[in-house]
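As structure tokens, the structure follows; a few thoughts come after it.
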Amino acid sequence: MFQGFYNLTSGILTQTRNQNVISNNMTNVSTPGYKSDKYMATTFREELMYRSGNIDKSNKTEIGTMAMVRASDETVTDFEPGVVEETNEIFDVALQDNGFFMVQTENGIGYTRDGSFILDDQGYLALPSVGRVVGKNGQIRIGTDKIAIDSSGRIFSEDGRTQYGQIAVVDFNNYDNLEKGGNGVFYTNQQAVAADGKMLWKYLERSNVDSVQEMVNMMSSQRALDSASQVLKMYDQIMGKVVTEIGKV
């Protein structure tokens, strides 16, 4: 009887956390370069179950394992690239290969696939609400929107006579150590390596969130949450009767 409380309560907590992850994915479905997350749950305190006779208990039969509760395991990020779309915006850049742009943030160097750049108030190439883009020779000051960007990330004046800098692209040997921050930016303590990422000018990589699949996941999670809540109420009512009625005998 009491085991049901453990199972149902842990199920409610698990589905609530799962919905938080799904909601965050759906919120960022339009965020350029955003990488979707998936919530992973695991069982806790697994026990091996046996079947035995009512009188002779010497010949037990193994029937499988049972877990008391479900618990949070980890949130896994899907690093598959999103669809690349043409925007015709002068500072938009999309990566065709693996790798990340570098951005100087308040928390240090951040890494992102979001190439929806702008010029800040001092004329530096920047990612809105995040920080300035880091080039191969430091931050890139342009000061004009009369530019062109080639496939290697070099930024030229419109007439091609002046080069303002080159957007740096880096990659990692292990994505498992990338920790997601806000605005689609990742942070890590591991060493980044230079990458020869080809770029598309006036294009953006869209989020890799599948909105239809996320909606299906949300409905499935909500049904599981509602079912667990209803059964938990039934357990509570039964226990109330046990205390008030059977307890009087």
Practice task
Report the distance from atom CD of Gln122 to atom CZ of Arg141, rounding to the nearest 0.5 Å.
Solution key: 8.0 Å

Problem - Worked verdict on Ile109 versus Gln104 for side chain to side chain contact (heavy atoms under 4.5 Å, CB included) - result: CA-CA 5 Å; Ile109 297 294; Gln104 181 66 56; 3.2 Å; yes

Handout entry: Side chains of Gln230 and Asp226, donor plus acceptor under 3.5 Å
Key = no

Exercise for the section: Would you tell me whether Asn25 and Tyr39 have side-chain atoms, one donor and one acceptor, within less than 3.5 Å of each other? Expected result: no

Handout entry: Pair Asp150, Ser152: side-chain N/O donor-acceptor within cut-off below 3.5 Å
Key = yes

Handout entry: Closest non-hydrogen atom pair between Tyr164 and Ile147, with its separation
Key = CE1-CG2, 4.1 Å

Problem - Asp37 side chain to Thr75 side chain, donor-acceptor N/O pair below 3.5 angstrom - result: no

Handout entry: salt bridge (Lys or Arg N to Asp or Glu O under 4.0 Å) pairs, two or more places apart, involving residues 118-128
Key = Asp120-Arg132

Exercise for the section: Starting from the C-alpha separation in whole Å, work towards a yes-or-no answer on ring pair (Phe, Tyr, Trp, His ring centres under 6.0 Å) for Phe186 and Phe79. Expected result: CA-CA 11 Å; Phe186 295 89; Phe79 286 97; 5.3 Å; yes

Handout entry: Atom of Gly33, atom of Arg113 and distance for their closest heavy-atom approach
Key = O-CB, 3.8 Å

Handout entry: Rounded distance (nearest 0.5 Å) linking atom CD of Glu214 with atom CD1 of Ile22
Key = 6.0 Å

Handout entry: Whether Thr31 side chain and Tyr34 backbone form a donor-acceptor pair below 3.5 Å
Key = no

Handout entry: Short side-chain donor-acceptor distance under 3.5 Å, Thr112 and Asp114
Key = no

